[in-house]
2 protein chains.
Amino acid sequence: MSAEMNVQSKPRPRKRINDPEGMRKKVLDVAEDAFQACGYHASSLGDLMAAAGVSGGALHHHFPTKKALALAVIDERVAAAVEQTWIAPLLAAASVREGVRAVFEAVAAELEQQGFVRGCPLNNLAHELSLADPDFRIALAGIFADWRRAISDKVRADQRAGRDEGTDPERFAALAVATYSGAMSMAKTAQDPSVLRDCLAGLERSALSSSQGGLAARRRRRVLPRPRTL
Amino acid sequence: MSAEMNVQSKPRPRKRINDPEGMRKKVLDVAEDAFQACGYHASSLGDLMAAAGVSGGALHHHFPTKKALALAVIDERVAAAVEQTWIAPLLAAASVREGVRAVFEAVAAELEQQGFVRGCPLNNLAHELSLADPDFRIALAGIFADWRRAISDKVRADQRAGRDEGTDPERFAALAVATYSGAMSMAKTAQDPSVLRDCLAGLERSALSSSQGGLAARRRRRVLPRPRTL
DNA sequence: TATAAAACAGACCGGTTGTCCTGTTTTGTC
DNA sequence: GACAAAACAGGACAACCGGTCTGTTTTATA
């Protein structure tokens, strides 16, 4: 991983301009990108400093540890990415089904024109960090939960309008997120986003029938005892 | 990560018994476990040596580099895990749908009694290593392909028996693998395997209807140009 | 048994990593 | 302007990592 110097010509070592917010944003930009492209462990702070053009002191000032930086990336960037690419388009859509379809196709189209697949930021970090540290896991699990809730809420809204009365909101949300996550995993590994469309086609049929409604299936909200020390 | 010493009492520095196969297997056992529990980068060779009770010389003799060890784990262990937990039960089942259901429920039951979720070995490594090295990516992509093909072949076998004539084999295979992978991702992050059952319920409805058959949907087997240098 | 290759042991090394530490400069506040 | 805190620079450092190297022991072969 190398970086453009991005140094504006400084003919004089004149003055320095303190821009804490801008510097913090620059670091987060670089870290978000590197974490997704190379992963957390494979991205060294030296790489990030070089790529962002930031000194070690500045980096340490804003993010005391690498873990703190990663948590900031998760809380501020990964969550925002899910919000931007999934939740917002979903809420803007006329129905869940149209929203899900729009997201899948938008992502597929973007990846096709982009020429490579770097995967879902959330899943990338979730796989690498969920078992590494409880703080990471909780932060990532929260994003998954928000994602699912946005979908299930939209299903319920549709149902209030008389549509999709047969589908269980929580179940469909879990299925949609799982399908997308798994499809992105395969697309990344195969470097071929076409599997996204295959999965969308199958997913769209799932919300169709209205069988086995009855009383809402009881939910299993049990949480496991303890996740095995690392 | 620490390891029990696993040293049988050696009152005398008597003799040494060369057991290359056994030693190789021991290293692979430990590496497979560590790679899944901690990931590739977070597992140091020192950890593995200590956990396996193997000297540096022996490790290097069997696996010249860490990458070679990981490739062996992928080719011999991860592929076998997919074969054992997915493909074999699927082939043994009476139909695809029963097979998929059996696998999902078996894994869910195992995780529930196990008390924690370490995730899918294939997906764990795929997320961390697919973009890190082409050799890793190709090896992992091959396992995904075999997995999908086993499912689609089973669908075709069912169709030859007159069942599920409406479902596209490739599409269903992609959907099944994606759903499982994504569900495991969420289960791992939330440390709660119940999402597996939610996703299974949704997936089972998807293979139901027999709409939009017609000529088999044309497949998009395009491969992307180049996956962006690491 | 002679001998070479395989199997293994254990120390060693250059490079890297994350973090800390000491200064210097800027900025807000009275 | 005085002064303290924030913002930033850059070096130092100990720990660690992966790979290599040399040497010893076992094993296969003749």
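Chain letters run A, B, ... following the sequence lines, proteins first and then strands; every chain starts at 1.
When rounded to the nearest whole Å, the span between CD of B:E21 and C1' of D:dT27 equals 14 Å. Atom NZ of B:K25 is separated from atom C1' of C:dA7 by 19 Å (rounded to the nearest Å). Separating the CZ atom of B:R24 from the P atom of C:dA7 is a distance of 11 Å, rounded to the nearest angstrom. Rounded to an integer number of Å, the gap from CE of A:M49 to P of C:dT17 is 11 Å. B:I17 has its CD1 atom 8 Å from the P atom of D:dT27, to the nearest Å. With rounding to whole Å, B:L45 atom CG is found 13 Å from D:dT20 atom C1'. For the pair A:H41 NE2 and D:dC17 C1', the interatomic distance rounds to 13 Å; values are reported in whole Å. The distance from atom CG of B:L59 to atom C1' of D:dC17 is 13 Å, rounded to the nearest whole Å.
Residue B:R16 places a side-chain atom within donor-acceptor reach of the base of D:dT25, judged by atom type and a 3.5 Å distance cut-off alone.
The CG atom of B:D19 sits 11.0 Å away from the NZ atom of B:K25 when rounded to the nearest 0.5 Å.
Closest to the side chain of B:A58, from the set C:dC8, C:dT26, D:dG18, is C:dC8. With C:dG18, D:dA7, D:dT26 as the candidates, the nucleotide lying closest to the side chain of B:N18 is D:dT26.
Ion pairing between A:D153 and A:R156 holds under the 4.0 Å rule for side-chain N and carboxylate O. Salt bridge status for A:R149 with A:D146: present, with a side-chain N to carboxylate O gap under 4.0 Å. We find that A:D33 and A:R118 are joined by a salt bridge, their nearest charged nitrogen and carboxylate oxygen being less than 4.0 Å apart.
Between the B:E128 side chain and the A:G39 main chain, no donor and acceptor come within less than 3.5 Å of each other.
Looking at A:L203 and A:F104, their side chains come closer than 4.5 Å, going by heavy atoms from C-beta outward.
Interface residues of residues 60-72 of chain A facing DNA chain C, ordered by number: A:H60, A:T65, A:K66; criterion, heavy-atom separation under 4.0 Å.
Here A:S55 does not reach the OP1 or OP2 of D:dG10: none of its side-chain N or O atoms lies under 4.0 Å away.
Taking the six-membered ring where tryptophan is involved, the planes of A:F35 and A:Y40 are tilted, since the angle between them lies from 30° to 60°.
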